[in-house]
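What you are looking at is a predicted structure, and each value in this text was computed from that prediction instead of being measured.
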Amino acid sequence: MQQQIDTLVVAGVGLIGGSFALALKRAGRVRRVIGVGRTQANLENALALGVADEVTQDIASVAHRADMVLLAAPVGQMGALMRALAPGLRPGAIVTDGGSTKSDVVALYREHLPQHLPWCVPAHPIAGSDLSGAAAAQYGLYENRRVVLTPLDETRAEAVAVVAELWRACGAEIHAMSAAEHDAVFASVSHLPHLLAFAYVDQVAAKADAERCFDFAATGFRDFTRIAGSHPEMWTDISLANRDALLAELANYRASLERLSALLEQGDAASLNQLFSEARAARTRWHQQFLRRG
């Protein structure tokens, strides 16, 4: 059965929230989208681009109208948004999110929406860009992408089914795991790479000959550092929210760097070649699987 949403409230009409709204509009699954945000300029842009049909900076004023709420703002803003939503939400109105960390968001649901947990469905769409704002929203962002759902013990099966079906209408593939498992996995393959890219660009920028280095940087630098163009506030929130898992990954990475340093000091060409070859083979296997997924 196709799920139809009369009124969808999207808090954060940027890449994630805006693309969700556009995809559901194109699929004919939502009648009206109310965009919520902090900056009037971006909200007006969302209206002009057709991402939202109505906008407001006050989520509490529209909470009672929501059949579904998507919290697509940075994780650090979600507690305040949930707190503002709580008094006005109707029973049965689904609340979900697009946060890149889940254990902390689950804790926020429990703290701010304790009476509404049967209709809370934590989620994480695995799609991103270094672009932000309503202008970054696009219809096909979620085609052949994965969305991870991490339902609470209290979450009703029918609420999970609604959220899953709507993401499928956006073209996404649904996976489920616990919040803790999610955070460990994404600390490794998403959050750590962003920290490394930010740290590396910062290191180059601090060099005495930084301008000369940047002047000669080419495709390798571009490819490695693309994600350092991501939204600083969002990645500050993610880093702190997933701090324990990230600290463990950073410790493992430091050990890998120490091993690499030792091989370079020793001039151990055979071991370096083996390390590079094994890493290349692992990356090739992943890339082939990624291409098969679409």
**Message:** For E165, is there an ion pair with R29 - N to carboxylate O distance below 4.0 angstrom?
**Reply:** yes

**Asked** Looking just at side-chain N and O atoms, do E173 and H175 make a donor-acceptor pair shorter than 3.5 Å?
**Response** yes

**Item:** Carboxylate-amine/guanidinium proximity below 4.0 Å for R38 and E233
**Value:** yes

**Asked** So F198 and H194, would you call those rings parallel, tilted or perpendicular, with 30° and 60° as cut-offs?
**Response** tilted

**Item:** Flag, side chain of T39 to backbone of A41, donor-acceptor distance under 3.5 Å
**Value:** no

**Request:** Answer yes or no: does atom CD of Q115 have more than 12 heavy-atom neighbours from other residues, nucleotides or ligands under 6.0 Å?
**Result:** no

**Asked** Using the ring of each side chain (for Trp, its six-membered ring), is W167 parallel, tilted or perpendicular to F20, with breaks at 30° and 60°?
**Response** tilted

**Message:** When you compare the side chains of D104 and T101, does any donor N or O come within less than 3.5 Å of an acceptor on the partner?
**Reply:** yes

**Prompt:** Can any side-chain N or O of S271 pair as donor or acceptor with the backbone N or O of D268 at less than 3.5 Å?
**Reply:** no

**Prompt:** Is the shortest side-chain N to carboxylate O distance from R31 to D53 below 4.0 Å?
**Reply:** no

**Asked** Taking atom types as modelled, is there a side-chain donor on S103 or D183 under 3.5 Å from an acceptor on the other?
**Response** yes

**Prompt:** Can we call the ring centroids of F216 and F221 under 6.0 Å apart?
**Reply:** no

**Request:** Assess the pair H124 and F186: is the distance between their ring centroids shorter than 6.0 Å?
**Result:** yes

